Chemist: 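After the structure tokens below, expect a handful of questions from me.
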2 protein chains.
Amino acid sequence: MNFKIHNLNKAFDNRVRLGIMSALMVNDSMDFNTMKDLLDLTDGNLASHITALEKEGYVHVKKEFVGKKPLTSYSATKIGVKAFNEHLDALEKLLKNR
Amino acid sequence: MNFKIHNLNKAFDNRVRLGIMSALMVNDSMDFNTMKDLLDLTDGNLASHITALEKEGYVHVKKEFVGKKPLTSYSATKIGVKAFNEHLDALEKLLKNR
DNA sequence: AAAAGGACTTTGAAATACAAAGTTAAGTAT
DNA sequence: ATACTTAACTTTGTATTTCAAAGTCCTTTT
């Protein structure tokens with residue numbers, strides 16, 4: 001029996017941050033508005049959850065100009081991918097008996 | 001692409017409640033102190049998360065005397081099992097691309 | 001000049017989480 | 001009888017989290 005709930009990563013216990021990380025596991029990079037629409041979030045909500053993940057070093061933020069418009073894109077960092085996979089491992093172990 | 005994070009059940013976005021439900025999926029029933037030790041929680045913390053799940057109708061609380069001591073046991077209700085499985089389905093869909 | 005797009009930041013209110021302490025009720029030991 | 005323990009909470013108080021809404025700033029399009 002494995003019930004080590006404390007192996008779950010606090011950074012990923014929120015649905016929005018789960019969604020962001022999932023999106024960034026599948027997509028090398030995703031821009032602000034695509035992510036916002038995909039997860040159905042308000043601007044502020046997305047921005048703040050990204051900031052949280054960025055502070056942990058899990059997400060990299062890239063700002064550039066495309067044509068004449070600013071474009072902010074996000075990608076998962078190496079340690080972000082690692083941390084997320086570890087979180088999913090812990091989750092799986094917890095839930096494997098379904 | 002499926003990124004419907006709003007299909008995740010709010011009742012299960014907390015690690016303690018995830019742990020409680022996981023334990024109750026594997027075990028038909030589990031008593032207070034076993035659960036408390038298993039998940040490494042304080043009395044009050046366990047009690048309050050159980051109350052939250054009970055309010056949702058996901059957990060059934062049974063109080064009895066065994067020998068001369070009171071014993072509180074928990075089990076997942078039918079709708080608790082259903083809700084939890086639906087939550088896990090939503091999670092799986094979200095994460096299937098790992 | 002005004003409106004709109006992009007990407008935030010700030011604000012503020014509400015909900016959540018949790019440890020610690022207090023409570024109740026019934027044993028058990030002295 | 002008195003004190004202590006076990007079981008299972010409830011209460012208290014603080015801290016953290018969450019989120020929508022509004023405000024900001026910069027640039028571009030109309």
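Below, read A as the first sequence line, B as the second, and so on, with proteins coming before strands; counting in each chain starts at 1. Quantities reported herein were computed from a predicted structural model and do not represent experimental measurements.
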Chemist: May I have the distance from B:His6 (atom NE2) to D:dT18 (atom P), rounded to whole angstrom?
Modeler: 14 Å

Chemist: Using whole Å, what does the distance between atom C1' of nucleotide D:dT28 and atom CG of A:Leu71 come to?
Modeler: 15 Å

Chemist: Take the protein atom NZ of B:Lys68 and the nucleotide atom C1' of C:dA29, then report the distance between them rounded to whole Å.
Modeler: 14 Å

Chemist: Which one, C:dC8, C:dA7, C:dA26, comes nearest to the side chain of B:Phe65?
Modeler: C:dA26

Chemist: Ring centres under 6.0 Å, that's the criterion: do A:Phe84 and A:Tyr58 meet it?
Modeler: no

Chemist: Nearest-Å distance, CG (B:Asp31) to P (D:dA7)?
Modeler: 9 Å

Chemist: Between D:dT10 atom C1' and B:Leu46 atom CG, what is the distance in whole Å?
Modeler: 14 Å

Chemist: Which listed nucleotide (C:dG27, D:dA8, D:dT28) is nearest to the side chain of B:Phe32?
Modeler: D:dA8

Chemist: Are B:Asn27 and B:Tyr74 close enough that a side-chain donor and a side-chain acceptor fall under 3.5 Å?
Modeler: no

Chemist: At 4.0 Å (heavy atoms only), tell me whether B:Lys36 reaches a base, stays on the sugar-phosphate, or touches nothing.
Modeler: nothing

Chemist: Rounding to an integer number of Å, can you tell me how far A:Leu39 CG sits from D:dT18 C1'?
Modeler: 16 Å

Chemist: Heavy atoms under 4.0 Å is the rule here; annotate nucleotides 15-24 of chain C 5' to 3' with B where the base is hit, S where only the sugar-phosphate is, and - elsewhere.
Modeler: --SSS-----

Chemist: Please write out each protein N/O paired with an N/O of nucleotides 2-5 of chain C under 3.5 Å, distance rounded to 0.1 Å.
Modeler:
none

Chemist: Could you write out DNA chain D as a dot-bracket string, with dots for unpaired bases, | for bases paired across to another strand, and Watson-Crick or G-U pairs counted at under 3.5 Å?
Modeler: ||||||||||||||||||||||||||||||

